[in-house]
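Read through the structure below, which is laid out as structure tokens, and then see the notes.
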Amino acid sequence: MFSVLINACKVKEIREKLIAVIALVAVYRLGAAIPLPGINLTAWQFVRTQGTNQTLFATIVGGEFGTIFQMGIGPFITASIIMQLLCVAIPKLEQIQKEGQEGRKKIGRITRFVAVGLALIQGGGTVFAIQQQGLFLHPNLLTWLTATAAIVAGSIFVMWLGELITEKGVGNGSSFIIFSNIISGAPAGVMMGIAIMQSLEPLMILSFVLLIILFIGLVAFATLIQDGERRIPVQYSKKMVGRQMHGGQSTYMPIKVNIAGVMSIIFSISLLQLPATVAGFYPHPNIIRLTEILSLTSPVGAILYAILIVCFTFFYTSFAVNPVEMAENLKKNGGVVPGVRTGKPTSDYIARTVHRLSWIGAGFYVILAMAPIVFQVATGLEVGFGGTTLLIMVGVALETVKQLESQLLMRHYKGFLSS
């Protein structure tokens, strides 16, 4: 990994892309520190130090509380998920999606409009929640409209920033923004860890050492999940083209273990923490009680969390993988799975394989998500990381390294052809 980064920095074109990514992410982090217009700065700073203003989902996809980038890339991520589901449910959108590059551009434009609509709705709710905490200096209609406009404009700017990172840099811009949200809390976590080490008793110090070991183990586990795949062997038949024989080679069709990726965990967290979000707008005692019951550290919340991860893994995989289409593509290209007949038997075989992988992937996700929670409940030591954040960090890091490797390889071939 480090050798890839070093070699990438030696190439001017790739080095400029990396600098562009760093600069654009720095712009995002700067905007994440600008408070909303009309907010009481003293009260805002006090509330921010409490660290209890946002759910985990909002922390991952959004910016700092009470800033113009508070919603961050959240509306765009939600709009993308909605469009993915609609493209499967609505035949017209599915047809547009299959029109190649032009179709993807149309879907992208629709996604942006949906994101703006969601930003308007969420922006109004966010301003209402801030008003409920009495953080505006002059609470009136003009202040609320100005703050809502600032949040919506900030969300649209972050959406554009993510697309610009994708275009000018290396990798996916939305992933980098989410990655920066997670990394931004690392310095505070390190300082908290140092303070804990200085004040803990020997038994608690042992727990802290075990926490570090758990962190390293989960990073390795997340890497294993991210790279894991099932390779289905495929044999292509020979074809006579003119006077030459083509084909006949053996290859494989890779199916990743984490087909659903981090989306199953994000869906589960967002659903479980919906009462906590509502409680921010309307702090009714019953809603607050429901929030405590569905907390990830409570038995009911933890069990529901694990069940939802499994359910959403199968749900998302059913949309992401189409065994019938994969079998048809193999048949059109003259490919067969050894020992399996073409057509429906092949699609059934792929469906069974995907089903088994979904169980394995769901089990991995449950272990990854629940390990920090179980450790926190067992030791009483505050865990400054979660399985979701680790999976996102590892995924972005590995994807960036793969992008750099591909660009280095492409440059190598270009240099070879030009020499």
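Because only heavy atoms are used, hydrogens play no part in the values below, and waters and symmetry mates are left out as well, while side chains stay in. Position 1 is the first residue of the sequence, and the numbers go up from there.
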List in chain and number order the residues that pass side chain to side chain donor-acceptor pair (under 3.5 Å) with [X], two or more places apart in sequence or in another chain; answer none if no residue qualifies.
X	value
Arg104	Gln101
Trp44	none
Thr143	Asn140
Glu229	Arg231

Determine the minimum heavy-atom distance between [X] and [Y], stating which atoms define it.
X	Y	value
Thr342	Gly335	CG2-O, 4.4 Å
Lys256	Leu357	O-CD1, 4.1 Å
Leu36	Ala150	CD2-CB, 4.1 Å
Ile107	Cys87	CD1-SG, 3.9 Å
Ser358	Thr313	O-CG2, 3.8 Å
Ser155	Pro75	OG-CG, 3.3 Å

Sequence neighbours left out, what pairs pass salt bridge (Lys or Arg N to Asp or Glu O under 4.0 Å) with at least one residue falling in [range]?
range	result
residues 260-274	none
residues 285-312	Arg289-Glu292
residues 336-358	Lys344-Asp348

Distance, nearest 0.5 Å, that separates [atom1] of [X] from [atom2] of [Y]:
X	Y	atom1	atom2	value
Thr146	Ile39	OG1	CD1	13.0 Å
Leu294	Leu290	CG	CG	4.5 Å
Thr78	Met71	OG1	CE	10.0 Å
Met253	Asn329	CE	CG	9.5 Å
Tyr365	Leu368	OH	CG	9.5 Å
Ser298	Ile293	OG	CD1	7.5 Å

What I'd like to find out is whether the side chain of [X] reaches to under 4.5 Å of the side chain of [Y], using heavy atoms alone.
X	Y	value
Phe65	Thr126	no
Val116	Ile156	yes
Ile350	Val324	no
Ile68	Ile151	no
Ile360	Arg230	no
Tyr305	Leu272	yes
Leu24	Tyr28	no
Ser180	Arg29	yes

Test side chain to side chain contact (heavy atoms under 4.5 Å, CB included) applied to Ile130 and Gln70, step by step: CA-CA 11 Å; Ile130 295 173; Gln70 177 170 343; 3.9 Å; yes
Could you walk me through whether Ile73 and Phe76 satisfy the side chain to side chain contact (heavy atoms under 4.5 Å, CB included) test, starting with their C-alpha distance in whole Å, then the side-chain angles of each, then the deciding distance to 0.1 Å, before giving a yes or no? CA-CA 5 Å; Ile73 200 72; Phe76 181 71; 4.1 Å; yes
Checking Thr67 side chain against Ala33 main chain: does a donor-acceptor pair fall under 3.5 Å? no
Is the backbone N or O of Val234 less than 3.5 Å from a side-chain atom of Thr251, with the two atoms forming a donor-acceptor pair by type? no
Hey, could you give me each pair passing side-chain hydrogen bond (donor to acceptor under 3.5 Å, both in side chains) that has a residue in residues 107-120? Not counting sequence neighbours. Arg112-Glu163
Heavy-atom count check: over 12 atoms from other residues, nucleotides or ligands less than 6.0 Å from Lys168 NZ? no
Selection residues 148-175 - residue pairs positive for ring-ring contact (aromatic ring centres under 6.0 Å, His included), sequence neighbours left out: Phe69-Phe157, Phe157-Trp160
Side chain to side chain contact (heavy atoms under 4.5 Å, CB included) with [X]: which residues, sequence neighbours excluded?
X	value
Glu16	Lys12
Leu86	Ile82, Met83, Ile90, Leu93
Val337	Ile232, Leu330, Val340, Thr346, Tyr349

